[in-house]
Amino acid sequence: SQQGEEDPQALSIQEGENATMNCSYKTSINNLQWYRQNSGRGLVHLILIRSNEREKHSGRLRVTLDTSKKSSSLLITASRAADTASYFCAPIIQGAQKLVFGQGTRLTINP
Amino acid sequence: DAGVIQSPRHEVTEMGQEVTLRCKPISGHNSLFWYRQTMMRGLELLIYFNNNVPIDDSGMPEDRFSAKMPNASFSTLKIQPSEPRDSAVYFCASSLTGEGNSPLHFGNGTRLTVT
């Protein structure tokens, strides 16, 4: 299966804390993408990490990729209430054109 | 850039009626995807197009579902006849290329309720 599996399914933390979400997959990939979905809205692309990269940063986001373990993690530092959303990973296999999503991690930031 | 535009935002219909969902992708994007999201099944890919041509429709649940892309700026997803189990949020997304290294841009979806 192409889709990634996010873990945990739900995460609740206090504002200001760091949030870490994980993604595991089963096949060799070309790249892996992370998306955020706010309630009632479409998914928004956050970051893309290629298979030859180990870490990538974007603002308060840090994504790591371990191809030997077929896993990725998304770290949000200094969380804010506005970070409350569901987060999805999408591993992209070689030659694939379509993105398949798992169930996501539902993140709640408590004020 | 207006982003991906979907209409209607909400649709309530009775079982047996025809439903047509519409999508305008971002100008210049060559690929278009239709997804369906429910609590039970999550986000499912229904069909996607490259350069207006359907590439993979293996996710279309039944013959009651059909999708068209008559030109680069418009796509429709039709359900005929609709059933209560079709109730879901339907998303359209577009990307610059059909390759997996091109991020998807999603619309805000159409919430379909079939009674």
Side-chain angles (χ1 to χ4, degrees), chain A residues 1-10 21 23 25 27-53 56 58 61 63 65 67 72 74 85-106, chain B residues 1-7 9-10 21 23-26 29-51 53-60 67 88-111:
Chain A
S1 172
Q2 181 184 336
Q3 73 184 61
E5 188 171 318
E6 295 90 350
D7 175 72
Q9 290 186 344
M21 290 158 274
C23 170
Y25 56 91
T27 61
S28 296
I29 61 170
N30 187 34
N31 66 71
L32 187 143
Q33 302 182 26
W34 283 92
Y35 288 78
R36 181 189 73 229
Q37 184 181 31
N38 292 93
S39 180
R41 308 296 293 271
L43 277 68
V44 174
H45 178 259
L46 294 176
I47 199 163
L48 180 154
I49 186 166
R50 302 187 189 283
S51 60
N52 61 354
E53 297 176 308
K56 200 162 184 179
S58 177
L61 306 181
V63 168
L65 179 64
T67 53
S72 174
L74 170 66
S86 291
Y87 292 81
F88 298 85
C89 69
I92 313 302
I93 64 175
Q94 287 281 358
Q97 296 179 324
K98 60 185 183 183
L99 271 68
V100 180
F101 297 93
Q103 293 287 349
T105 292
R106 181 171 297 185
Chain B
D1 189 345
V4 175
I5 299 173
Q6 292 187 247
S7 64
R9 192 80 169 87
H10 301 274
L21 312 181
C23 175
K24 176 178 170 56
I26 293 173
H29 281 193
N30 294 326
S31 295
L32 184 140
F33 303 76
W34 282 100
Y35 288 87
R36 176 174 71 175
Q37 187 175 38
T38 61
M39 288 292 291
M40 290 296 294
R41 301 176 69 91
L43 200 61
E44 302 172 277
L45 176 63
L46 301 178
I47 185 172
Y48 73 94
F49 297 81
N50 272 358
N51 296 315
V53 176
I55 302 300
D56 185 345
D57 65 355
S58 60
M60 297 286 261
V89 181
Y90 290 81
F91 289 102
C92 174
S94 69
S95 68
L96 189 59
T97 72
E99 299 170 10
N101 60 0
S102 183
L104 265 59
H105 298 257
F106 281 77
N108 281 325
T110 293
R111 181 174 294 276

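Below, chain A is the first sequence line, B the second, and so on; all start at residue 1. Keep in mind it's a predicted model, so treat the numbers as computed, not measured.
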Examine whether an atom of B:Asp56 lies under 4.5 Å from a heavy atom of chain A, and if so say whether it belongs to the side chain, the backbone or both; otherwise answer neither. side chain

Taking side chain as everything from C-beta outward and backbone as N, CA, C, O, which of these in B:Ser102 sits under 4.5 Å from a heavy atom of chain A? Side chain, backbone, both or neither. backbone

Considering only heavy atoms, which portion of B:Gln37 lies under 4.5 Å from any heavy atom of chain A: side chain, backbone, both, or neither? side chain

Turns out that what part of A:Leu48 lies under 4.5 Å from chain B's heavy atoms comes down to side chain

May I have the step-by-step check of ring pair (Phe, Tyr, Trp, His ring centres under 6.0 Å) for B:Tyr35 and B:Phe91, ending in yes or no? CA-CA 5 Å; B:Tyr35 288 87; B:Phe91 289 102; 8.2 Å; no

Taking the side chain as C-beta and beyond, is there a heavy-atom pair between A:Cys89 and A:Tyr25 under 4.5 Å? no

Have A:Arg41 and B:Asn108 got a donor and an acceptor in their side chains that come within less than 3.5 Å? yes

Measure distances from B:Leu45 to the heavy atoms of chain A and classify the residue's part below 4.5 Å as side chain, backbone, both or neither. side chain

Under 3.5 Å, is there a donor-acceptor pair between the side chain of A:Glu6 and the main chain of A:Ser86? no

Which one wins on heavy-atom pair count under 4.5 Å against chain A: B:Gly59, B:Cys92, B:Pro103, B:Ala93? B:Pro103

Return the minimal non-hydrogen interatomic distance between A:Gln103 and B:Met40, and the atom names on each side. NE2-O, 4.0 Å

Quickly, which of A:Phe88, A:Tyr87, A:Phe101 forms a ring-ring contact (aromatic ring centres under 6.0 Å, His included) with A:Tyr35? Name it, please. A:Phe101

Top contributor to chain B contacts, counting heavy-atom pairs under 4.5 Å, from A:Val44, A:Asn30, A:Ile92: A:Ile92

